[in-house]
Amino acid sequence: MPMPSAPRNICEMAQTLLSEGLCTDHSGCLSARVGGRLWITPEDTKLSELTPDALSVVDLATCTPLEGPRPDRRFALHRALYKKRKHLGALLHADPLSILTASRAGRDVPPLLDDMAQLVGISARIAQSWPCRGTAPVIAAMRGRNAVLLKYSGALCGAGTFDDAHAVAQVLEKNCKAVIEATFLGGGITINRGEALLMRTVYQLTYARQNTKNVPSMVKVG
């Protein structure tokens with residue numbers, strides 16, 4: 001049986017994230033949902049050294065590792081999000097400078113940019129991601145959004161495909177940078193909640209119509 005495209009997509013996206021500075025060799029983690037399985041980067045493996053045949057496979061129903069090396073320690077969080085959010089097909093951790101700074105500040109990030117409201121959501125909430133707290137805080141903070149800030153640890157971004165999850169990470173970094181600079185200079189004009197919600201709704205409806213005509217080439221929701 002041929003190997004699914006997910007492992008290759010994970011490795012390719014890992015190199016893209018590294019080249020753009022959206023994560024580091026050691027902090028990054030990517031996963032894809034394929035049917036009832038979760039493909040994820042393994043623990044203690046540099047992203048720059050990933051190969052499609054060296055990824056970890058986890059059963060979504062039982063959260064049991066099935067194949068490959070020991071999965072990244074965050075696999076339970078990824079699995080919980082895939083179970084809760086049926087549209088998710090890809091998740092990735094991002095910790096470039098502005099996102100990491102925002103996560104360490106410990107405050108929700110409002111939308112200053114239209115792209116933020118459309119792709120990420122009406123805000124990026126902060127959530128504790130300590131293992132002892134379980135996955136519930138992160139799932140709750142990501143509700144209605146495509147990204148969540150993990151306290152002190154950057155952000156977790158997700159979408160139906162890796163291309164879209166990548167775009168979410170790029171936009172979140174750009175918005176966090178704008179918020180940090182605006183705060184330093186005395187404040188910026190935040191898009192109000194109503195406008196942000198309208199932008200996101202219109203974007204989602206428009207994108208959904210486009211998807212009925214154009215099937216994504218990357219990983220799709222299983």
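Keep in mind that the numbers below use all heavy atoms, side chains included, and drop hydrogens, waters and symmetry copies.
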Taking the side chain as everything from C-beta on, heavy atoms only, tell me whether L30 gets closer than 4.5 Å to F162. yes
Looking only at the side chains, is there a donor atom on one of D25 and S48 sitting less than 3.5 Å from an acceptor on the other? yes
In the structure I gave you, are the side-chain heavy atoms of N175 and V109 within less than 4.5 Å of one another anywhere? yes
Ion pair check, K174 and D115, cut-off under 4.0 Å: yes
Is there a donor-acceptor pair closer than 3.5 Å between any side-chain N or O of R125 and the backbone N or O of A140? yes
Distance in Å, L47 CG paired with Q15 CD, rounded so as to fall on 0.5 Å steps: 7.5 Å
Which atom of C23 lies closest to which atom of H93, heavy atoms considered: CB-O, 3.8 Å
S123 side chain vs P110 backbone, donor-acceptor pair below 3.5 Å: no
So, D72 side chain and F75 main chain: donor-acceptor pair closer than 3.5 Å or not? no
Heavy-atom distance under 4.5 Å between the side chains of K84 and R143, does that happen here? no
Quick one, C29 and T41 - any side-chain contact, counting heavy atoms below 4.5 Å? yes
Separation between CG of L17 and CD of Q170, rounded to the nearest 0.5 Å: 9.0 Å
Test your reading of the model: is there a side-chain donor-acceptor pair from R70 to the backbone of D44, 3.5 Å cut-off? no
Side chain to side chain contact (heavy atoms under 4.5 Å, CB included) with R104: which residues, sequence neighbours excluded? L100, Y152
Residues T161, D163; criterion side-chain hydrogen bond (donor to acceptor under 3.5 Å, both in side chains); working and verdict: CA-CA 5 Å; T161 70; D163 280 346; 5.2 Å; no
Less than 4.5 Å apart, any side-chain heavy atom of L81 and any of L156? yes
Kindly give the heavy-atom pair with the smallest separation between I40 and P71, and that separation in Å. CG2-CB, 3.8 Å
Donor-acceptor under 3.5 Å (S31 side chain, H78 main chain): no
Would you check if the side chain of R33 reaches a backbone N or O of Y82 as a donor-acceptor pair within less than 3.5 Å? yes
Less than 4.5 Å apart, any side-chain heavy atom of H87 and any of N146? yes
Looking only at side-chain N and O atoms, does S27 offer a donor or acceptor that is under 3.5 Å from a partner on T24? yes
Can you check whether R73's main-chain N or O pairs, donor with acceptor, with E43's side chain at less than 3.5 Å? yes
Among V148, L113, L119, I99, find the residue that satisfies the side chain to side chain contact (heavy atoms under 4.5 Å, CB included) test when tested with L172. I99
Would you say L50 and P42 make side-chain contact, with heavy atoms under 4.5 Å? yes
Can you tell me if T16 uses its side chain to pair, donor with acceptor, with the backbone of E12 under 3.5 Å? yes
Regarding K177 and E173, does a basic nitrogen lie under 4.0 Å from an acidic carboxylate oxygen? no
Taking I180 as the starting point, is it possible to reach I126 by hopping between hydrophobic residues whose side chains are less than 4.5 Å apart? no
Please give me the minimum heavy-atom distance between A76 and T135, naming the atom from each residue. O-CG2, 4.0 Å
State, to 0.1 Å, how close A165 and L92 come at their nearest heavy-atom pair, and which atoms those are. CB-CD2, 3.8 Å
For L149 versus A102, what's the shortest heavy-atom pair and its separation? CD1-CB, 4.3 Å
Okay, side chain of R145, backbone of G121: is any donor-acceptor separation there less than 3.5 Å? no
